[in-house]
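Single-structure report; data block below.
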Number of protein chains: 2
Amino acid sequence: MTTDPLRKHVEAAGDLFDPACPTRRLLDRIGTKWVSMVVKLLAEAAPGEIRFAELQRRMPGVSQKMLSVTLRNLTGDGLVARRVEPTVPPRVYYRLTELGLSLEVPLAALRAWAEAHMAEIDHGRPDNH
Amino acid sequence: MTTDPLRKHVEAAGDLFDPACPTRRLLDRIGTKWVSMVVKLLAEAAPGEIRFAELQRRMPGVSQKMLSVTLRNLTGDGLVARRVEPTVPPRVYYRLTELGLSLEVPLAALRAWAEAHMAEIDHGRPDNH
DNA sequence: CGGTATCCGTAAGGATACTG
DNA sequence: CAGTATCCTTACGGATACCG
């Protein structure tokens, strides 16, 4: 083991089974439906951008707050880039970064699985508690 | 549209962007860290089984309640099979079903992504709010 | 051993109103 | 337009105690 603080994240490198590892939090963060939807829309548009209002329009049921929070988290994580056009009223454009685009791959697989087996699973439990 | 019940799941097929579609709830359900860990452990042991206590021991930080809830949900969704040995004290064994095993594929990809990019993301935000 | 039941603090998330 | 701020209600999740 080393005491070099710069290598701390290397030693702690992705071990989901380490309670102290941020991977756990990260997994819970990217596994949500809102992240899945935002990333899909932005991935389809890539390398183009989508404005806030259009994202909201294409994500039925999302509140302004949740979309805002989701985009802020993704931006903070470096998965989404935010560009503001200083007009009045202002226009804000979002696009995926390289990192965000790389997330779309496993995320699309998970989405596909969920969509494919939804009926099979829902059939067995009419009681959606 | 058809009235063939066998094609029902095709018509109702997973549309994540439909607010009424159970796919949304399903995605939020399977995207958690506990599900990810349980499925990974059971997939490694497949087609073998793992007992409750061993699962808990190999998932540091999980509470008895959360493991219980997670397993009950997975069992209810048909992803995990539960077998009780009526001894005293009783022994309960869990294993993945075929469906559960199929989930491991996309889930492993998502885990791998999270573990691979954890440092990269965490580096940008020392403030883990 | 493998749960369930209960309590409780925290966080998620919707609704509404307001701002640059 | 694209937010932020506030309030409020529900869900998540840990701690503890109890049961078959």
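The sequence lines fix the lettering, A, B, ..., with proteins before strands; numbering per chain opens at 1. Please read all numbers here as calculations on a predicted model, not as lab measurements.
Of all nucleotides in DNA chain C, those with any atom nearer than 4.0 Å to a heavy atom of chain A start and finish, going 5' to 3', at C/dG13 to C/dG20.
Non-hydrogen atoms lying under 4.0 Å from DNA chain C are contributed by A/Ser63, all within residues 33-64 of chain A.
For the pair A/Arg72 CZ and D/dG3 C1', the interatomic distance rounds to 9 Å; values are reported in whole Å. Distance CG (A/Leu67) to P (D/dA2): 10 Å, rounded to an integer number of Å. As rounded to whole Å, 16 Å separates atom C1' of D/dA2 from atom NZ of A/Lys65. In this structure, OH of A/Tyr94 is placed 7 Å from C1' of D/dA2, rounded to the nearest angstrom. Rounded to whole angstrom, the span from the CG atom of A/Leu27 across to the P atom of D/dC12 amounts to 17 Å. If you measure from atom CD of A/Glu85 to atom P of D/dG3, you get 13 Å, rounded to the nearest angstrom. Counting to the nearest Å, the C1' atom of D/dG3 and the CZ atom of A/Arg91 are 16 Å from each other.
Note that the two end axes of the helix from C/dC1-D/dG20 to C/dG20-D/dC1 enclose an angle of 50°, each drawn from 5 base pairs, rounded to 10 degrees.
Not counting sequence neighbours, the partners of B/Ala109 by the side chain to side chain contact (heavy atoms under 4.5 Å, CB included) test are A/Pro106. Under the side chain to side chain contact (heavy atoms under 4.5 Å, CB included) criterion, A/Thr97 pairs with A/Ala81, A/Leu99, not counting sequence neighbours. Take B/Val84 and apply the side chain to side chain contact (heavy atoms under 4.5 Å, CB included) test, not counting sequence neighbours, and it matches B/Arg82, B/Val92. The side chain to side chain contact (heavy atoms under 4.5 Å, CB included) search around B/Ala108 returns B/Glu104, B/Arg111, not counting sequence neighbours. Under the side-chain hydrogen bond (donor to acceptor under 3.5 Å, both in side chains) criterion, A/Glu98 pairs with no residue at all, not counting sequence neighbours. With sequence neighbours excluded, the residues satisfying side-chain hydrogen bond (donor to acceptor under 3.5 Å, both in side chains) with B/Asp28 are A/Lys33.
Within the 4.5 Å cutoff, no side-chain heavy atoms of B/Tyr93 are placed close to those of B/Arg95.
Residue B/Tyr93 is out of contact with every strand shown, counting any heavy-atom pair closer than 4.0 Å.
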Side-chain donor-acceptor contacts of residues 45-53 of chain A below 3.5 Å, not counting sequence neighbours, with atom names and distances?
residue: A/Glu49; atom: OE1; partner: A/Arg83; partner atom: NE; Å: 3.3
residue: A/Glu49; atom: OE1; partner: A/Arg83; partner atom: NH2; Å: 2.7
residue: A/Glu49; atom: OE2; partner: A/Arg83; partner atom: NE; Å: 2.9

Check: residues 55-69 of chain A side-chain donor-acceptor pairs under 3.5 Å, at least two apart:
residue: A/Arg58; atom: NH1; partner: A/Glu54; partner atom: OE2; Å: 3.2
residue: A/Ser63; atom: OG; partner: A/Met66; partner atom: N; Å: 3.1

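A donor-acceptor pair under 3.5 Å is formed between the side chain of A/Thr75 and the backbone N or O of A/Leu71.
Taking only side-chain nitrogens and oxygens, A/Ser68 never comes nearer than 4.0 Å to OP1 or OP2 of D/dA2. The side chain of A/Arg82 places an N or O atom within less than 4.0 Å of a non-bridging phosphate oxygen (OP1 or OP2) of D/dG3.
For residues 95-118 of chain B, the set of pairs meeting the ring pair (Phe, Tyr, Trp, His ring centres under 6.0 Å) definition, not counting sequence neighbours, comprises B/Trp113-B/His117.
Closest to the side chain of A/Pro90, out of D/dC1, D/dG14, D/dT4, is D/dC1.
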